Amino acid sequence: MTYKDHKLKIYNSLSNEKEIFIPLHEGYVGMYVCGPTVYSKVHLGNVRTFMSFDMIYRYLLHLGYKVRYVRNITDVGHLVDDLDEGEDKIAKRARLEQLEPMEIVHRYTVDFHDILKQFNLLPPSIEPTATGHIIEQINIIQKIIENGYAYESNGSVYFDVAKYNQDYEYGVLSHRQLEDMVGNSRKLDGQSDKRNEQDFAMWKRADPEHLMRWPSPWSDGFPGWHTECTTMSTKYLGEKFDIHGGGMDLKFPHHECEIAQGKASTGHTPVNYWLHANLLTLNGKKMAKSSGNNILPGEILCGESPLLSKAYSASVTRFLMMQTHYRGIMDFSDEAILAAEKGHNRLMKSLETLQKLEAGKISTLDIPAWRDNCYGAMNDDFNTPILISHIFEAVNFINLLRDKSASLIATDLDLFRSLLSEFVYDVLGLVIESEVHDGHIEKLDGTINLLIEMRNAARASRNYFVSDQIRDGLARLGIQLNDVKEGTTFNY
RNA sequence: GGUCCUGUGGCCGAGUGGCUAGGCAGAGCUCUGCAAAAGCUCGUACAGCGGUUCGAAUCCGCUCGGGACCUCCA
């Protein structure tokens, strides 16, 4: 099956409706996702957003699309606060840690890649940086000035929202009216070079002590945050492309400004489908670096957090996140991830069982119908929770097959195996974990099997003191024995 | 204050007019020396109050709670 056999529906933030996905060029998808600002470690909420788009990327690939997936690194231009008057986030961090800004950028870029790899996110096709595209940004700014939608003021360049709103419509994505915003935004205390409060910076003149600076026609300075995404998406995906994604909190103003810049420079809307991943909450509150209400991905993997009772694997974390739809708010808790771990492990054991099954003479389960249900879920705006519910139906199927209460002919069994593998590993991105990685697995397994033989000998002679001593001793080491009909198995 | 989203069984979390996901926990059962593990079965929920309808968790109105954005955040 390929994309031609599917009607993929995607919820488009522009229309606030699910729309049938039709790419600009058949068989090809251009997708841009706003990446992180690398001024500190990514928290779990950041990971969730990128994981949502990783799942979307994986599903598009699964359907046979050739996808160019661009995700940027913001390494300059993202200001700390207040309407373009604050300090650059990276510059601030560099000052506090007494490092070069680029040391900060590199440190946290490495951290970002490391974490995402641990959570099994596929790397994007291109990962451009803002500082690597200064010239391109200057060119776009110039073009927008020439088109009359930006102005230079005291060495900085601002986008003229009011002028733009005369010819186009500012607020099409966030569904706001400019007039409503005018009365509602906060007054600036300091002096501003802007004509109107809604105007946003595309180029900022750098103060003398500012380290990150580049020459431009207007001043030695640095680009504004919104400009980099417009520049890099245009450069690698064209003036018009299929999908633009990001966190819900970027919808306004960041994405709204991108649309405005795109239209102001080219005259047409840059993106067909806007996707927004919802946020992760912790204790019912938004996870945010600035408020301190956050948990780091690494803390989950090692269990070192007052919020957690133990460590959880990356795959379990992924499973937990995939159990919530990407557009829904997800509240993270120890209880939730503990429940996810049990479900995840049950699924993984079942998949092991599936490998051992043998084909029968007739099929008593309707695998094609099951397959259609799975695709139906994913084609309905990437509904992974429903997909997972179907996967647990499959667990039930596997149990029936194992107990000979159902059977499948070879072609159906092969189909079933490959579909489950594709959905679980390729689309959801879960992984089988082995907690012992040091090459002593065979010796350990041999030792445990020896103990199992001794225990079963003791049981046969009704020496339960010894047999329970072995079983309980192994349990204390984290090795669990399972007495099943065929004998005794173990897992750790 | 403005714009918008949301409120589902003990917990997490789908579903948007009738067919009432799924996971975790819980109960019962099977297996078992006992247990654990595993499997099977069961639980009938949609904040409150009105309205529309033959019929609403699902549509409309109001009330109450939670949240997001409006200022940096994925």
Side-chain angles (χ1 to χ4, degrees), chain A residues 16 33-37 39-40 42-53 78-89 92 171 174-177 180-181 183-186 188 197 225 245-254 276-281 284-291 294 319-320 323-325 327-333 335-344 346-347 349-350 353 373 377 380 383-393 395-396 399-400 402-403 405 459-460 462-464 467-468 471-472 475 480-485 488-491:
Chain A
N16 277 346
V33 172
C34 290
T37 302
Y39 70 104
S40 66
V42 283
H43 63 61
L44 195 63
N46 303 120
V47 172
R48 185 193 178 202
T49 295
F50 299 126
M51 196 182 283
S52 295
F53 287 105
H78 202 155
L79 305 180
V80 173
D81 54 18
D82 241 15
L83 302 166
D84 300 321
E85 300 300 319
E87 190 175 7
D88 183 287
K89 287 189 173 193
K92 179 183 179 186
S174 53
H175 306 288
R176 296 161 199 235
Q177 303 292 318
D180 296 335
M181 293 178 221
N184 277 316
S185 59
R186 276 194 195 168
L188 292 174
E197 287 172 21
W225 177 36
M248 196 69 95
D249 48 348
L250 298 185
K251 199 166 170 184
F252 187 90
H254 185 54
H276 290 97
N278 217 323
L279 305 177
L280 188 69
T281 58
K285 294 281 181 191
K286 177 179 172 177
M287 197 175 286
K289 290 174 194 171
S290 55
S291 67
N294 68 47
F319 181 78
L320 169 70
Q323 273 190 303
T324 305
H325 186 88
R327 279 192 294 112
I329 291 171
M330 185 192 145
D331 194 46
F332 181 86
S333 67
E335 202 180 4
I337 194 168
L338 190 62
E341 182 179 56
K342 296 193 176 172
H344 171 272
R346 188 156 78 87
L347 169 62
K349 275 187 194 168
S350 185
T353 305
N373 287 338
D380 184 14
N383 200 326
T384 52
I386 295 291
L387 173 66
I388 288 173
S389 80
H390 293 311
I391 287 172
F392 275 99
E393 277 177 49
V395 170
N396 198 342
N399 291 332
L400 292 172
R402 183 201 54 195
D403 299 342
S405 303
R459 291 172 75 201
R462 296 183 163 271
N463 188 345
Y464 296 124
S467 69
D468 288 355
R471 179 227 281 160
D472 299 342
Q480 183 186 284
L481 300 187
N482 308 314
D483 294 323
V484 294
K485 280 179 192 158
T488 303
T489 63
F490 63 91
N491 52 279

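Letters A, B, ... mirror the listed sequences (proteins, then strands); counts begin at 1. As the structure is a prediction and not an experimental result, all values here were calculated from the model.
Across all their heavy atoms, A:Asn491 and A:Asn482 have their closest contact at OD1-ND2, 2.8 Å. When all heavy atoms are compared, the tightest approach of A:Met287 to A:Gly45 is SD-N, 3.4 Å. The two residues A:Arg48 and A:Leu279 come nearest to each other via the heavy atoms NH1-O, 2.9 Å.
Candidate nucleotides B:A14, B:A68, B:G22 were compared by shortest atom distance to the side chain of A:Leu279, and B:A68 ranks first. Checked against B:C69, B:G23, B:C12, the side chain of A:Asp249 finds its nearest nucleotide in B:C69. When distances run from any side-chain atom of A:Arg176 to the nucleotides B:C69, B:A14, B:G23, the shortest one goes to B:C69. Here the nucleotide nearest the side chain of A:His43, chosen from B:G13, B:A74, B:A14, is B:A74. Here the nucleotide nearest the side chain of A:His325, chosen from B:A14, B:C24, B:A74, is B:A14.
Separation of the C1' atoms belonging to B:G26 and B:U44 is 16 Å when rounded to the nearest angstrom. Rounded to whole Å, the separation between the C1' atoms of B:C29 and B:U16 comes to 38 Å.
Distance check, rounded to the nearest 0.5 Å: CE of A:Met330 to CG of A:Leu44 gives 7.0 Å.
In this structure, A:Leu338 atom CG and B:G13 atom C1' are separated by 16 Å, rounded to whole Å. Nucleotide B:A14 holds its P atom 19 Å from the CG atom of A:Asn373, rounded to whole Å.
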task = Give the B/S/- string for nucleotides 29-45 of chain B, one per nucleotide from 5' to 3', where a protein heavy atom under 4.0 Å of the base yields B, of only the sugar-phosphate yields S, and otherwise -.
result = ----BBBBBSSS-----
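Of the side-chain N and O atoms in A:Asn383, one or more sit less than 4.0 angstrom from OP1 or OP2 of B:G15. Between A:Lys342 and B:G23, a side-chain N or O to OP1/OP2 separation shorter than 4.0 Å is absent.
Two residues, A:Glu393 and A:His254, neighbour RNA chain B, and the one matched to the more 5' nucleotide by heavy-atom proximity is A:Glu393. Nearest-nucleotide positions on RNA chain B for A:Thr324 and A:Thr49 put A:Thr324 closer to the 5' end.
Looking at A:Asn399, its side chain never comes within 3.5 Å of a backbone N or O of A:Asn396 through a donor-acceptor pair.
For the residue pair A:Glu341 / A:His344, no side-chain donor-acceptor distance below 3.5 Å is found, with atom types taken as modelled.
As judged by a 4.0 angstrom heavy-atom cut-off over every strand, A:Ile386 is placed among the base-contacting residues. Heavy atoms of A:Leu280 sit under 4.0 angstrom from at least one base atom.
A salt bridge is absent between A:Asp483 and A:Arg471; no separation between the charged side-chain nitrogens and carboxylate oxygens falls under 4.0 Å.
Between A:Pro36 and A:Asn46 there is no side-chain heavy-atom pair separated by less than 4.5 Å.
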key: Secondary-structure string, 5' to 3', Watson-Crick or G-U under 3.5 Å, | for another-strand partners, for RNA chain B   = (((((((..(((.....[...))).(((((.......)))))....(((((..]....))))))))))))....
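Its glycosidic angle being more than 90° from 0, B:G10 falls on the anti side.
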